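These numbers come from the heavy atoms of this one structure, side chains and all, not from hydrogens, waters or symmetry mates. Note that the structure is predicted; figures quoted are calculated from it, not measured. A note on names: the letters A, B, ... follow the listed sequences, proteins ahead of strands, and every chain is numbered from 1.
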Amino acid sequence: MGDQKRHRILMVSDFFYPNFGGVENHIYYLSQCLLKLGHKVVVLTHAYGNRSGVRYMTGRLKVYYIPWKPFLMQNTLPTFYGTLPIMRTILIREKISLVHGHQAFSTLCHEALMHARTMGYKVVFTDHSLYGFADVGSIHMNKVLQFTLADVSQAICVSHTSKENTVLRSGLPPEKVFVIPNAVDTAMFTPAPEKLSHNEIVIIVISRLVYRKGADLLVEVIPEICRLFSNVRFIVGGDGPKRVRLEEMREKNSLQDRVEMLGAVPHARVRSVLISGHIFLNSSLTEAFCIAILEAASCGLLTVSTRVGGVPEVLPDDMIVLAEPDPSDMVRAIRKAISILPKIDPQVMHLRVS
Amino acid sequence: MDSSINENPSPTRPRWRKVAYGGMQPGFDDNHTDETFLEAMVMNANVVKRSMLKVMQDSVSISQYLCIVALVVLVWTCTLRSTLNENTLLLLDVSLLGLGFLVLILTAEMMSLNLLFHYFINISFFTTGLYVSAPIYQTLTRSISSDSIWAVTVSLLILHLFLHDYSGSTIRAPGALKNPNLTSCISLNASVVASVFIASRLPSRIQVFAIMLFSLQVFLFAPLVTYCIKKYSFQLHLWFSFGLMVLTLAFVYMLHRLLFVLLLGLLVFVTVVCPYWLIRIQEYKFEINGPWDEAKLCFDITE
């Protein structure tokens, strides 16, 4: 389409490496793609421990760790004008043309959007999560969001449900919101070279073990499945406050040989864990766009998930079995998944995801 | 020529689907907003419609308790001014105790003799304990000035009224279902501390004992008695509250005109103005539910 203008983009968020999660991955991969297209990308985030200053990452990605300490859940203290000097310095020094903020929960992002609009820069905002309307924290954050997004040029959401949620929370006109789903690096998530045997069915769960991700549902579902099907094994990866409950469940039902707890799995090892299984189970209670499901599908696993948030939009109906967030319905879904498992070909699934 | 009327000038594009896979849907932009946008949103699903009369009747519990507290403050003022002497106070205590027991016997469904005896024993222990510790209360705040005492008492009473549990009673009959929550315990403690402060201003030991017994009786057991009356018969509850309000207003009128006007204004505000205000602003309520909500677990998490 001809030579497009080269932009110099500033990504702002509280959440970046060395912290680990979906938003951080998204920012990193997006930056890499933009760098490949020839634009220049700079990332702005707060200092992690004593990692402060300017660092360079792969592909000449410049990261500014500004010397502000996080005070609550990896968020910096929201002083309305405290970050203005340093942001102005960075914006002018790098000759930025576009500012891209990530994640509504990040105070640094809100401040950056506000300062950038004050100085007249173009601004884009991406929202990665779903939030409620009823409790005090959500009400407060929605008010801040309405204020910040009043003047944004465009907004991006990761799924259609997320678009509805963001439009209701922030009062943006729906035409300004683009739906661009997250993507997964399919070259990194390839299925196992040879197909696994179906004598013993392995169900994999990899998630943070917190209330929000449905760890309590797992505690109800796993013993029931192990009771109904004698050839099913579970592999549970991930760590969190609810891990104790899972261990208790394991002890109480004597499932030590049928449920394997791996602890926290580093992202590089996720693929090797995924390819050792047939079915991926996701029991989260709220999810804007579940990237774990996409990674599992790319590795050729059949997915069983709760029907919440943006999950029904992620995969076509023959690659995922949906269930209500209710233990008996999830057991039914797993039963159905086990019955259609022989028809699944991991390589075909991987090619479809690519 | 006929065929050109039948065929479409442009090929119809496939319908937009609410899915995230499959890349861009042909013919639609990324920011396309379909007619099905916000179709699954449910508004005001759990909001209950209120009627003015019902809300006013429910607000009677609040004004009744306000009158009870006003009466207690009245007795305190009269005792501090030495208008009421200790014999009158002791008589008042015993008669209130007797009345309370009578109400409990008449209105409770399952009142066995054993339970009554149990209550009686508890009350005797309570009274004896108060009598024995009366000297402590008497000398408790001797070094603190009166102004501080009045200020602290007033603030504690306001705290007590603010956090009070108006729908039930903190002290429950044995076998009650709900446990008292934190705010009702805080309010009870505030009222007890206020009574101790007032009692410590009095000169003689018998007076201290009598006023402490009176205050604690009312603050601890009056909610229980009114709850029993309300449970027994709503009509009786309304008549009782009305009588209590008239009695309180009469006594306060005899004491001080300005306070009478204030109390009357407060009662009118609580009983008439607040229900009307609540119903007026209820129509602005906008509760949003939809597929983006966090799922609620249908089972209890047992630790």
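- Under the 30°/60° scheme for interplanar angles, the aromatic rings of B:His164 and B:Tyr65 are found to lie parallel.
- Remark: B:Lys230 is not positioned above the aromatic ring of B:Phe240, lacking an NZ or CZ atom under 6.0 angstrom from the ring centre and at most 45 degrees off the axis.
- Residue A:Glu287: no heavy atom, backbone or side chain, is found under 4.5 Å from chain B.
- For A:Leu168, the part lying under 4.5 angstrom from a heavy atom of chain B is the side chain only.
- For the pair A:Thr190 and A:Thr186, the tightest heavy-atom approach, listed with the atom from each and the gap, is CG2-O, 3.7 Å.
- Contact record, A:Leu302 with A:Asp318: CD1-O, 4.2 Å, taken as the closest heavy-atom pair.
- Note: A:Thr286 leads A:Thr286, A:Ile156, A:Asp326 in heavy-atom pairs under 4.5 Å with chain B.
- Interface check for chain B: of the options A:Leu217, A:Val308, A:Leu294, A:Thr306, the most heavy-atom pairs under 4.5 Å are formed by A:Leu217.
- Contacts of A:Leu130 with chain B are made by side-chain atoms alone, with heavy-atom separations under 4.5 Å and no backbone atom involved.
- If you measure heavy-atom distances from A:Val244 to chain B, you find no contacts under 4.5 Å at all.
- If you measure heavy-atom distances from A:Leu315 to chain B, the contacts under 4.5 Å come from the backbone alone.
- Checked for salt-bridge contact, A:Asp127 and A:Arg169 meet the test: a charged N lies under 4.0 Å from a carboxylate O.
- For a residue to count as touching a neighbouring chain, one of its non-hydrogen atoms must lie under 4.5 Å from one of that chain's; by this rule A:Val314 touches chain B with the backbone only.
- Annotation: side chain to side chain donor-acceptor pair (under 3.5 Å) contacts of A:Gln347 (sequence neighbours excluded): none.
- In this structure, the portions of A:Thr161 lying under 4.5 Å from any heavy atom of chain B include both its backbone and its side chain.
- A donor atom on one side chain and an acceptor atom on the other are found under 3.5 Å apart for A:Ser305 and A:Asn282.
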